[in-house]
Number of protein chains: 2
Amino acid sequence: MARWQPGAAERLQAAALELYLARGFEQTTVAEIAQRVGLTERTFFRHFADKREVLFDGQDRLEQAFLDGLAAAPPDAPPLAVVAAALTASADFFPDERRRWSAHRQAVISANPSLRERELLKLAGLAGTLSEALRARGVPDPTATLAAESGLTVFRVAFTQWIAEGERRSFADVQLAVLAELGAMAAGATAPA
Amino acid sequence: MARWQPGAAERLQAAALELYLARGFEQTTVAEIAQRVGLTERTFFRHFADKREVLFDGQDRLEQAFLDGLAAAPPDAPPLAVVAAALTASADFFPDERRRWSAHRQAVISANPSLRERELLKLAGLAGTLSEALRARGVPDPTATLAAESGLTVFRVAFTQWIAEGERRSFADVQLAVLAELGAMAAGATAPA
DNA sequence: GTCTATAGTGCGATAGAC
DNA sequence: GTCTATCGCACTATAGAC
């Protein structure tokens with residue numbers, strides 16, 4: 001028999017989310033999380049940089065999905081269309097089966113300012129990656145940054161709606177609807193009478 | 001003579017920014033900041049919730065400026081135009097004399113992820129306030145959220161440009177240029193060929 | 001795997017302003 | 001007397017150093 005069970009990181013994540021949900025983020029100590037899966041505090045910090053980080057992984061894969069979708073867009077597509085392609089590619093990460101889990105995780109995050117901070121930093125990182133990729137395609141600043149940030153805004157708004165009570169549409173569908181709404185809003189403000 | 005000098009919070013802020021700039025945020029202890037202005041650690045935490053917060057105040061006044069500008073927009077203005085009015089009102093907070101100081105402060109923040117997190121939380125708070133105000137004007141979601149978030153994106157991009165080396169335009173001018181660029185980008189993506 | 005610095009909190013005491 | 005700013009001390013947990 002193995003000296004330690006495999007999947008330490010995954011077990012720590014599961015235990016952390018449970019405890020954060022049950023008694024709140026601040027009321028949960030790292031020692032408790034580690035103990036629950038038979039590990040030590042020290043081991044927790046070997047896997048995750050800090051107590052918050054345990055809720056934010058898989059970000060790399062989401063980022064890669066964005067980049068893949070972006071790369072698949074036609075070379076001459078306008079910036080916002082390129083971003084839309086990236087967003088579409090990300091929809092695979094949010095199948096209907098994941099909706100409940102996403103809602104739980106989001107509830108924990110939304111309830112704690114320090115977790116909100118970390119979430120915003122991660123999303124800002126995604127926006128930075130996207131705008132960087134746009135610049136690599138030849139889109140100049142500030143257009144690249146504006147397009148990337150707008151894309152992330154669509155992503156966030158769509159995600160919030162997707163996990164809302166009673167929402168039935170797929171993440172992809174919600175995202176398309178929000179994207180259309182963004183276009184309408186921008187057109188409404190710029191269209192001459 | 002008074003037992004304590006007035007303006008404790010202001011003195012703590014000044015000392016904190018100096019030390020953060022000189023030796024870095026993490027390398028500076030709260031005890032050092034407090035000692036430098038003749039106060040104790042405990043008093044620092046009476047004025048600021050945590051070590052980061054000392055760099056983020058006056059946020060309330062900026063928020064109020066946004067709201068005032070927003071309230072001054074005509075009732076039938078489209079959402080993004082209302083947001084533009086709020087942005088314009090905020091320009092008073094960034095006169096040319098403040099450009100250098102803003103750049104220094106931003107350098108400290110940008111150099112530290114934990115400060116970036118706090119900054120993003122504050123900006124998200126502003127966006128939340130704006131979208132709330134739009135909803136109060138009768139703008140439905142998700143348009144209200146999209147307009148508010150887009151406005152903050154413009155604000156952030158403009159601010160970054162305003163403090164960039166060699167930039168001479170006023171904050172108001174930069175912001176207008178970015179706003180126009182956002183309109184062009186949105187139009188470019190939605191306009192049929 | 002242990003040891004330690006530091007952030008941050010709770011409660012109480014003190015000293016001045018009014 | 002009340003109110004408020006400050007300080008002192010004990011304490012926990014995070015996070016990093018050794």
Side-chain angles (χ1 to χ4, degrees), chain A residues 2-6 8-9 11-13 15-57 108-109 111-122, chain B residues 1-57 59-60 108-109 111-122:
Chain A
R3 180 156 159 260
W4 37 263
Q5 309 263 330
R11 285 181 296 131
L12 283 168
Q13 278 170 37
L17 181 56
E18 278 176 41
L19 288 170
Y20 292 170
L21 248 182
R23 58 177 86 162
F25 174 73
E26 311 218 314
Q27 284 64 48
T28 305
T29 71
V30 173
E32 287 170 331
I33 299 168
Q35 195 177 19
R36 176 174 269 227
V37 294
L39 295 171
T40 70
E41 220 173 329
R42 189 68 186 77
T43 307
F44 179 95
F45 285 111
R46 252 174 47 79
H47 286 279
F48 305 101
D50 59 52
K51 192 184 163 186
R52 283 168 282 169
E53 198 63 19
V54 68
L55 290 180
F56 299 89
D57 69 352
V108 170
I109 293 171
N112 188 278
S114 131
L115 289 172
R116 283 271 298 144
E117 288 186 342
R118 179 57 52 85
E119 180 189 33
L120 292 166
L121 187 69
K122 294 288 185 180
Chain B
M1 168 173 170
R3 177 164 166 257
W4 32 266
Q5 309 262 330
E10 287 73 17
R11 285 181 296 132
L12 284 168
Q13 278 171 38
L17 181 56
E18 277 176 42
L19 289 171
Y20 293 170
L21 248 181
R23 58 177 86 161
F25 174 73
E26 310 219 315
Q27 283 63 48
T28 305
T29 70
V30 173
E32 287 170 331
I33 300 167
Q35 196 176 19
R36 176 173 270 229
V37 296
L39 294 172
T40 70
E41 220 174 332
R42 198 67 192 82
T43 304
F44 178 95
F45 287 112
R46 230 186 87 73
H47 287 278
F48 306 102
D50 60 53
K51 193 184 164 184
R52 284 167 282 167
E53 197 63 17
V54 68
L55 289 179
F56 299 89
D57 70 351
Q59 203 83 359
D60 292 350
V108 170
I109 293 172
N112 188 278
S114 130
L115 289 172
R116 283 272 298 141
E117 288 186 343
R118 179 57 54 86
E119 180 189 34
L120 291 166
L121 186 69
K122 293 288 185 179

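Numbers restart at 1 for each chain; the letters A, B, ... are given by sequence-line order, proteins then strands. These numbers were taken from a predicted model, which means no experiment stands behind them.
- Scanning all heavy atoms of the two residues, the minimum distance from A15(B) to V37(B) falls at CB-CG1, 3.8 Å.
- For DNA chain D, the neighbouring residues in residues 41-50 of chain A, judged by any heavy atom under 4.0 Å, are E41(A), R42(A), F45(A), D50(A).
- Residues satisfying the side-chain hydrogen bond (donor to acceptor under 3.5 Å, both in side chains) test with Q13(B), not counting sequence neighbours, are D57(B).
- F25(A) meets the ring-ring contact (aromatic ring centres under 6.0 Å, His included) test with Y20(A); sequence neighbours excluded.
- When each of K122(B), R116(B), R52(B) is tested with E117(A) by the rule salt bridge (charged side-chain N to carboxylate O under 4.0 Å, His left out), just one qualifies, namely R52(B).
- By the ring-ring contact (aromatic ring centres under 6.0 Å, His included) test, F48(B) is found to be paired with F44(B), residues two or more places apart in sequence or in another chain being considered.
- Distance K51(A) NZ to dT6(C) P: 21 Å, rounded to the nearest Å.
- Among residues two or more places apart in sequence or in another chain, the side-chain hydrogen bond (donor to acceptor under 3.5 Å, both in side chains) test is passed with R36(B) by E18(B).
- Contact check for R118(B) versus D50(B): side-chain heavy atoms found under the 4.5 Å cut-off.
- Here CZ of R42(B) is found 8.0 Å from OG1 of T40(B). Values are rounded to the nearest 0.5 Å.
- Residues from residues 18-35 of chain A lying near DNA chain D, meaning a heavy-atom separation below 4.0 Å, are T28(A), T29(A), V30(A) in numerical order.
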